[in-house]
**Q** 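Sending over a structure as structure tokens; questions will come in a sec.
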Amino acid sequence: MAGDHQHMARALRLAARGLWTTSPNPRVGCVVVRDGKVVGEGWHVKAGEPHAEVHALRAAGESARGATAYVTLEPCSHHGRTPPCADALIAAGVARVVTAMKDPNPLVSGNGLARLAAAGIATECGVLEADARELNIGFVSRMTRGRPWVRLKTASTLDGVSALDNGVSQWITGPAARRDGHRWRARACAVLSGIGTVQQDDPSLTVRDLAATRQPLRVIVDARLALSPKARLFADIERSPLLVVCADAEAPAARALRDAGAELLALPNDGGKVDLPALMQALGARGINELHAESGHKLNGSLLREECVDELLMYVAPTVLGRGMGLFNLGPFDTLAQRMDVDVRDIRAVGRDWRILARLRQRP
């Protein structure tokens, strides 16, 4: 119908306001329209609080009766922390509900729309579906694959150098690129790094320079528990929890890390290192939708090699170093057929640097 795309686009913009706050829930927006006029709007702000439909219906009041509700995700039909939104729409007396996509959650998928239809409400699904999926790509990944959407962030020179031979990498890219990287870090449920990066850079891995209302879980891959309890990671542990993933959670160093506030998780592989695919499943079970990886070339290579990466977020500085560490510890490959192809989704300037967003082809 006329106006459907316009109103759904508005609902998606509202949903995006929850980009940094809704996890583990999806980002959802809702617009209520009657006689061509918007009478109510809302978006989901935080897990445990009212969903987008409830906010929009409250704003619309009695004007919701006979109106059309535009929702970016199929209204829920089950009791979670809040009552079903499908029931709220029925009680409000809306005449039509347009959704961008079905909810990939097996507890909901199709049931919300079916409940609305059974109540005599006209339904339509699929308006701006691709945009809605992109907004909730991590939630879709967790619901359909049981693991988060993994975005691997890198910073390098034009010739692919990520650090000097001595490990120094601060700062290859400029302040605008670093601020932009924090925005991507803020939208993730968790930030992943390795013990090598922690020992070299002593990072905090928190979101800074942004008005973020929550800090992501920090995950450190540290097979042999070489992490020092004096690392900067522990200074922010009350605001941002720390999960150390190792091969043996009962090793001698474990107690000191636990006493300092870290949680330990043992996921050994056959080689005595961390089983990275198993880690992805474990994070999915913890409600992690998007995982933002910022690690060194060794862990970067392992993540790619073990098919744990979905997307590359690459910052490229307009400079050349000639020699130093590369981005990925891969290969050596014997043939070009072993290469990993990507689809470039976006290239744009960020300050003096360039940002490339590329998606691994082997991923859906």
**Q** For Val207 and Pro216, which heavy atoms make the closest approach, and how far apart are they?
**A**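 Closest approach of Val207 to Pro216, heavy atoms only: CG2-CD, 3.7 Å.
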**Q** Less than 3.5 Å apart, which donor and acceptor atoms pair up between the side chains of residues 317-336 and the rest of the protein, not counting sequence neighbours?
**A**
unit_1 : atom_1 : unit_2 : atom_2 : d
Arg323 : NE     : Asp165 : OD2    : 2.8
Arg323 : NH2    : Asp165 : OD2    : 2.8
Thr335 : OG1    : Ala337 : N      : 3.4

**Q** Got Leu12 and Leu128 here, is their nearest side-chain heavy-atom distance under 4.5 Å?
**A**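 Yes. Closest side-chain heavy atoms under 4.5 Å.
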**Q** Just list the side-chain donor-acceptor pairs under 3.5 Å for residues 259-269, sequence neighbours left out, or say none.
**A**
unit_1 : atom_1 : unit_2 : atom_2 : d
Glu263 : OE1    : Arg286 : NH1    : 3.2
Glu263 : OE2    : Arg286 : NH1    : 3.4
Glu263 : OE2    : Arg286 : NH2    : 2.6
Asn269 : OD1    : Gly271 : N      : 2.9
Asn269 : OD1    : Gly272 : N      : 3.1
Asn269 : OD1    : Lys273 : N      : 2.8

**Q** Once rounded to the nearest 0.5 Å, what's the spacing between atom CZ of Arg10 and atom SG of Cys30?
**A**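 Going from the CZ atom of Arg10 to the SG atom of Cys30 covers 12.0 Å.
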**Q** Can you name the residues that form a side chain to side chain donor-acceptor pair (under 3.5 Å) with Glu129, not counting sequence neighbours?
**A**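 Glu129 satisfies side chain to side chain donor-acceptor pair (under 3.5 Å) with Arg133 only.
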**Q** Going from NE2 on His5 to CE on Met8, what distance comes out if it is rounded to the nearest 0.5 angstrom?
**A**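 Interatomic distance, His5 NE2 to Met8 CE, rounded to 0.5 Å: 9.0 Å.
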**Q** Could you tell me if the side chain of Cys76 sits less than 4.5 Å from the side chain of Cys85, heavy atoms only?
**A**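 Cys85 vs Cys76: side chains touch.
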**Q** From Thr197 OG1 over to His297 NE2, what is the distance, rounded to the nearest 0.5 angstrom?
**A**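 Here the rounded value is 10.0 Å.
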**Q** Is atom CH2 of Trp184 surrounded by more than 12 heavy atoms (other residues, nucleotides or ligands) closer than 6.0 Å?
**A**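 For Trp184, atom CH2 is crowded (more than 12 foreign heavy atoms under 6.0 Å).
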**Q** Looking at side-chain heavy atoms only, is the closest gap between Pro26 and Met143 below 4.5 Å?
**A**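 The answer is no; the side chains never approach within 4.5 Å.
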**Q** Under a 4.5 Å side-chain heavy-atom rule over Ile, Leu, Val, Met, Phe, Trp and Tyr, are Leu299 and Val150 clustered together?
**A**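 Linked within one cluster.
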**Q** Residues two or more places apart in sequence or in another chain: which of them pass side chain to side chain donor-acceptor pair (under 3.5 Å) with Ser240?
**A**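 Result, side chain to side chain donor-acceptor pair (under 3.5 Å) vs Ser240: Arg218.
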**Q** Just do the salt bridge (charged side-chain N to carboxylate O under 4.0 Å, His left out) check on Glu294 and Arg178 with the steps written out, would you?
**A** CA-CA 12 Å; Glu294 294 190 25; Arg178 296 198 295 274; over 6 Å; no
**Q** Which value, rounded to the nearest 0.5 Å, describes the distance between Ser23 atom OG and Leu217 atom CG?
**A**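 Separation between the atoms: 10.5 Å.
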**Q** Show, in sequence, the C-alpha distance, side-chain angles and deciding distance for Asn300 and Ser295, and conclude whether the side-chain hydrogen bond (donor to acceptor under 3.5 Å, both in side chains) test is met.
**A** CA-CA 6 Å; Asn300 284 352; Ser295 49; 2.6 Å; yes
**Q** Would you check if Arg183 and Trp20 make a side-chain contact, meaning some heavy-atom pair closer than 4.5 Å?
**A**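 When only atoms from C-beta onward are counted, Trp20 and Arg183 do touch, with a gap below 4.5 Å.
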**Q** Going through the checks in order, is the side chain to side chain contact (heavy atoms under 4.5 Å, CB included) test met by Cys246 and Arg224?
**A** CA-CA 6 Å; Cys246 59; Arg224 296 177 177 83; over 6 Å; no
**Q** For the pair Asp310 and Arg147, find out whether any cationic side-chain nitrogen is under 4.0 Å from an anionic carboxylate oxygen.
**A**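 Counted as a salt bridge, because a side-chain N and a carboxylate O are separated by less than 4.0 Å.
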**Q** Can you check salt bridge (charged side-chain N to carboxylate O under 4.0 Å, His left out) on Asp353 and Arg355, steps first, answer last?
**A** CA-CA 7 Å; Asp353 305 309; Arg355 188 187 76 197; over 6 Å; no
**Q** Between His7 and Tyr70, what is the ring plane arrangement, given parallel below 30°, perpendicular above 60°, and tilted in between?
**A**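 The arrangement is tilted - the two ring planes meet at 30° to 60°.
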**Q** Do you reckon Leu303 sits in the same ILVMFWY cluster as Ile220, going by side-chain contacts under 4.5 Å, direct or chained?
**A**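 They do not share one cluster, since no chain of ILVMFWY contacts under 4.5 Å joins Leu303 to Ile220.
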**Q** Is there side-chain contact between Thr99 and Glu124, with at least one heavy-atom pair below 4.5 Å?
**A**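 Answer no - side chains too far apart.
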**Q** So do the side chains of His292 and Leu313 get within less than 4.5 Å of each other, counting heavy atoms only?
**A**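 Side chain of His292 against side chain of Leu313, heavy atoms only: contact under 4.5 Å found.
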**Q** Run the side-chain hydrogen bond (donor to acceptor under 3.5 Å, both in side chains) test on Thr206 and Ser204 for me, step by step, so that the C-alpha distance in whole Å, both residues' side-chain angles and the decisive distance to 0.1 Å come before the verdict.
**A** CA-CA 5 Å; Thr206 54; Ser204 65; 3.1 Å; yes
**Q** Would you please test Ile195 and Val221 for side chain to side chain contact (heavy atoms under 4.5 Å, CB included) and show each step?
**A** CA-CA 6 Å; Ile195 185 59; Val221 175; over 6 Å; no
**Q** Can you hop from Ile137 to Met101 via hydrophobic side chains spaced under 4.5 Å?
**A**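 No, separate clusters.
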**Q** Can you tell me how far the CG atom of Asp103 sits from the CG atom of Asn111, to the nearest 0.5 Å?
**A**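 Reported value, rounded in 0.5 Å steps: 9.5 Å.
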**Q** I would like to know whether Asn136 and Arg27 meet side-chain hydrogen bond (donor to acceptor under 3.5 Å, both in side chains); could you show each step before the answer?
**A** CA-CA 6 Å; Asn136 281 308; Arg27 300 137 183 163; 4.7 Å; no
**Q** Rounded to the nearest 0.5 Å, what separates atom CG in Leu357 from atom CD in Glu311?
**A**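 Reported to 0.5 Å precision, the distance equals 4.0 Å.
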**Q** Can you get from Val245 to Val191 by hopping between Ile, Leu, Val, Met, Phe, Trp and Tyr side chains that sit under 4.5 Å apart?
**A**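 Not linked; separate clusters.
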**Q** Among residues at least two apart in sequence or on other chains, which ones pass side chain to side chain donor-acceptor pair (under 3.5 Å) with Gln215?
**A**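 So Gln215 forms no side chain to side chain donor-acceptor pair (under 3.5 Å) with any residue.
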**Q** Hydrophobic clusters here meaning ILVMFWY residues chained together by side-chain heavy-atom distances under 4.5 Å, can you tell me if Leu360 and Tyr315 are in one?
**A**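 As far as the 4.5 Å side-chain criterion goes, Tyr315 and Leu360 are not connected within one cluster.
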**Q** Does a sphere of radius 6.0 Å around CZ in Arg255 hold more than 12 heavy atoms from other residues, nucleotides or ligands, not counting ones at 6.0 Å or beyond?
**A**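 At most 12 heavy atoms, drawn from other residues, nucleotides or ligands, come within 6.0 Å of this atom.
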**Q** Any non-hydrogen side-chain atom of Leu233 less than 4.5 Å from a side-chain atom of Leu205?
**A**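 The answer is yes, as the side chains (C-beta and beyond) meet within the 4.5 Å cut-off.
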**Q** Identify all side-chain donor-acceptor contacts of residues 53-66 below 3.5 Å with residues at least two apart in sequence or on another chain.
**A**
unit_1 : atom_1 : unit_2 : atom_2 : d
His55  : NE2    : Pro50  : O      : 3.4

